[in-house]
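Both backbone and side-chain heavy atoms feed into the values below; hydrogens, waters and symmetry mates do not. Residue numbers run from 1 in the order of the sequence given.
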Amino acid sequence: MTPGTRSAVLGRRGGVDPDVAEQLGFTVHDVVQDLRRDVAAATLPLPIEGAEEAEASRERLLAQLDEHLLPRLGELSSPAVVVLAGSTGAGKSTLFNSLLREEVSEAGVLRPTTREPVVGVHPRDVDTLTPGPVTELARLVKHEGVPRGTALMDAPDLDSFLSENRSTAHQLLEAADLWLFVTTAARYGDALPWQALDRARERGASVAMVLNRVPKENLTTIRADLNSRLKERGMKDVPLFVVPDVGPHEGLLEPKLVEPIQRWLHLMAGPERSRTIILRTLKGALGALPEWVMGLVSAVEQQGTAAFDLRNAVEAVVPDAQVAARTSVLSGAVGEGTVATRFAELAGTHHIDRVTVRDGIARTTKRAGRNRETALARLREEIQDAAARAFVAAGVRTQEQLQTVLAGPGALPAGELLLPSGSARSEERTARGQEAAAAWCRRGDELVGRLADVAEKSEEPDAEARVAGARKAFGDSGLATLLLGAALGNEECVHVIDRVLGEITVDQIEELQDELAQQAALAVAEEARSVQSALDVPALADDAAAPLRVRLAELRRLT
């Protein structure tokens, strides 16, 4: 929309030209629809300071878009919705009935009085009433007393003790083009009326106020006080109607008591005048949107900043934890304990450490070699289990460090939320450790399969014969088991390998040790990744607020 068109629609002096009202709808509807989509997508997953309030504001903004702006922009010719709203016992239903001069909405002494919302529409306006919250939530009454071009609604109490009534009242307010707020001389100083008025101002709604049941002797004082309060809130132009207290009564109020309100409603009657009200409220609502969206942008960016700090806190743990994990598996401790016990058992029953070696070459029969290979399969299982436990232990130690950083004293906000709960993470860690240990053991098999090539290139005397003798003495799988045990730091395995192969396998053992250390370091990284994965969501991306900033720029061009 060009500046000239915008001023024509919205009015150079704040008014609205109804002749171009349709153009406003066509121009703004797509922008507001896109805004609604991006506001719905802008979630706030981290429970940091201010997030709860920002989420409540986001939900109110969605309600404003869904229940008023989008329906209204979709159909500007629908009657202007005027909602009578207020607290319990304010006299809304009596006032509603008195304005129509008929008992249409049930009023009585029981609270909440208004259980069913009622909307009155002139019979000639019924067909133009747009489907939406008003038609879905309220009972429709055709009535000649409703000024043309308006729909007059009696809403439930805003402070009803029934949550369903409160919810309905707030939905209907969001759908309104004009709030006619009803309070009493005894309760106008309560928090509720001013909270409702602040909410109306926040969303740019048009507002009028009815002060009901005012004692005649206090009328001047109370009116002056209320006007002063409205002025302090920047609402000095809000129409104020005073209804004197008539004492206990049933039925309708005397016509003269509601005549000022009726005259005011009729001043706004007719399609063109009511459209002016609609567009004025639309202008206010659109003008209020940038501040709401900017608040949401700020909240989304605060989420991103918090996520950035949490990622850094997690990443800071990784280097030291990886050094500790590497050191632990290279210390030789993994090759002791159960691995050493299993080797001693096999040495006693199958004499795997008593291979005859003459001139540096293992001497044995094929049958004895097969027996040793079969026996060493049990040691291989123990080695693989020990490696898996080492990888799991590296993850557990890292998780404990992360627990301290994210949930201990002085932890960052929302850090505790990132820590996996329950047994799922433990199961994942165990499965990952077992998989990594199995892959590491298979690497031992690959290295034994290449020993002949290594021997061929070796400068060691009789290298090829030594390799052939070792493979015959233990079988390829058994020899790989001994290499793996040596890489774990088991002294008995180191001794056997040294007897049958000497220096030939130094590089292979170092390679297995390097890969063992690498897998331990990867276990640390995986633990950090499992925590950081909670931050890998679109809502916490660096550019999460970008769509909202685009919408903000569009809104500012329109307003």
Side-chain angles (χ1 to χ4, degrees), residues 32-67 70 163 167 170 174 202-203 289-318 321 395 398-429 432 524-555:
V32 175
Q33 200 165 41
D34 289 344
L35 172 65
R36 197 267 174 216
R37 178 197 64 219
D38 292 333
V39 169
T43 56
L44 307 171
L46 297 180
I48 60 176
E49 184 178 358
E52 188 174 346
E53 293 80 0
E55 177 60 24
S57 178
R58 187 183 76 91
E59 290 177 357
R60 289 199 305 272
L61 177 53
L62 282 174
Q64 161 76 334
L65 296 172
D66 286 342
E67 295 166 13
L70 284 171
S163 61
S167 176
H170 286 293
E174 294 297 344
E202 180 185 48
R203 57 155 280 192
L289 286 180
E291 184 175 351
W292 278 28
V293 176
M294 193 63 242
L296 185 55
V297 166
S298 177
V300 170
E301 290 179 342
Q302 287 172 6
Q303 292 271 316
T305 298
F308 178 81
D309 291 341
L310 287 168
R311 289 189 190 97
N312 284 344
V314 172
E315 289 171 2
V317 169
V318 172
T398 304
Q399 191 271 342
E400 290 171 351
Q401 290 176 271
L402 291 172
Q403 177 84 27
T404 300
V405 169
L406 297 174
L412 292 170
E416 189 171 359
L417 181 70
L418 306 184
L419 295 169
S421 59
S423 60
R425 179 58 201 147
S426 177
E427 293 172 359
E428 290 173 4
R429 187 186 297 122
R432 190 266 169 203
V524 171
E526 179 64 20
E527 203 66 33
R529 187 209 60 77
S530 72
V531 171
Q532 288 185 320
S533 63
L535 301 172
D536 294 336
V537 294
L540 298 176
D542 292 340
D543 60 347
L548 289 172
R549 286 197 173 277
V550 172
R551 303 287 87 81
L552 185 62
E554 292 175 344
L555 288 171

Subject >> Approximate separation, where rounding is to 0.5 Å, of L548 CG and D34 CG >> reply: 11.5 Å
Subject >> side-chain contact (heavy atoms from CB on, under 4.5 Å) between E301 and R549, worked out >> reply: CA-CA 11 Å; E301 290 179 342; R549 286 197 173 277; 3.0 Å; yes
Subject >> L535 vs L310 side-chain heavy atoms within contact, under 4.5 Å >> reply: yes
**OP:** Calculate, to the nearest 0.5 Å, the distance between atoms CG and CD belonging to L406 and Q399 respectively.
**Re:** 9.5 Å
Original post:
How far does CG of L555 sit from CE of M294, to the nearest 0.5 angstrom?
Top reply: 12.0 Å
**OP:** Look only at the side chain of R58 and the backbone of L296, and say whether a donor-acceptor pair between them is shorter than 3.5 Å.
**Re:** no
Original post:
Just wondering, are more than 12 heavy atoms of other shown residues or ligands nearer than 6.0 Å to CG in D542?
Top reply: no
Subject >> Reported CG-to-CZ distance for the pair L289 and R551, which is rounded to 0.5 angstrom >> reply: 13.0 Å
Original post:
Quick check: are there more than 12 heavy atoms from other residues, nucleotides or ligands sitting under 6.0 Å from CD of E59?
Top reply: yes
**OP:** Output, in order, the C-alpha distance, side-chain angles, deciding distance and verdict of salt bridge (charged side-chain N to carboxylate O under 4.0 Å, His left out) for R529 and E315.
**Re:** CA-CA 9 Å; R529 187 209 60 77; E315 289 171 2; over 6 Å; no
**OP:** To the nearest 0.5 angstrom, please state how far the CD atom of Q303 sits from the OG atom of S298.
**Re:** 10.5 Å
Subject >> Heavy-atom check, side chain of D38 versus side chain of V550, under 4.5 Å >> reply: no
Subject >> Derivation of the side-chain contact (heavy atoms from CB on, under 4.5 Å) call for V405 and V314 >> reply: CA-CA 8 Å; V405 169; V314 172; over 6 Å; no
**OP:** Taking all non-hydrogen atoms of both residues into account, name the closest pair between V300 and A539 and its distance.
**Re:** CG1-O, 4.4 Å
**OP:** For the pair R36 and L62, evaluate side-chain contact (heavy atoms from CB on, under 4.5 Å) and give the outcome as yes or no after the intermediate values.
**Re:** CA-CA 7 Å; R36 197 267 174 216; L62 282 174; 4.0 Å; yes
Original post:
Is E527 salt-bridged to R425, going by a charged N under 4.0 Å from an acidic O?
Top reply: yes
**OP:** Compare all side-chain heavy atoms of L540 with those of P45 and state whether any distance is below 4.5 angstrom.
**Re:** yes
**OP:** Give a yes or no on whether E52 atom CD has more than 12 heavy-atom contacts from other residues, nucleotides or ligands under 6.0 Å away.
**Re:** no
**OP:** Measure the CG-CD distance between L552 and E291 for me, rounded to the nearest 0.5 Å.
**Re:** 11.0 Å
Original post:
Is there a donor-acceptor pair closer than 3.5 Å between any side-chain N or O of E526 and the backbone N or O of G395?
Top reply: no
Original post:
With respect to V317, which candidate in L402, T404, V531 satisfies the side chain to side chain contact (heavy atoms under 4.5 Å, CB included) definition?
Top reply: L402
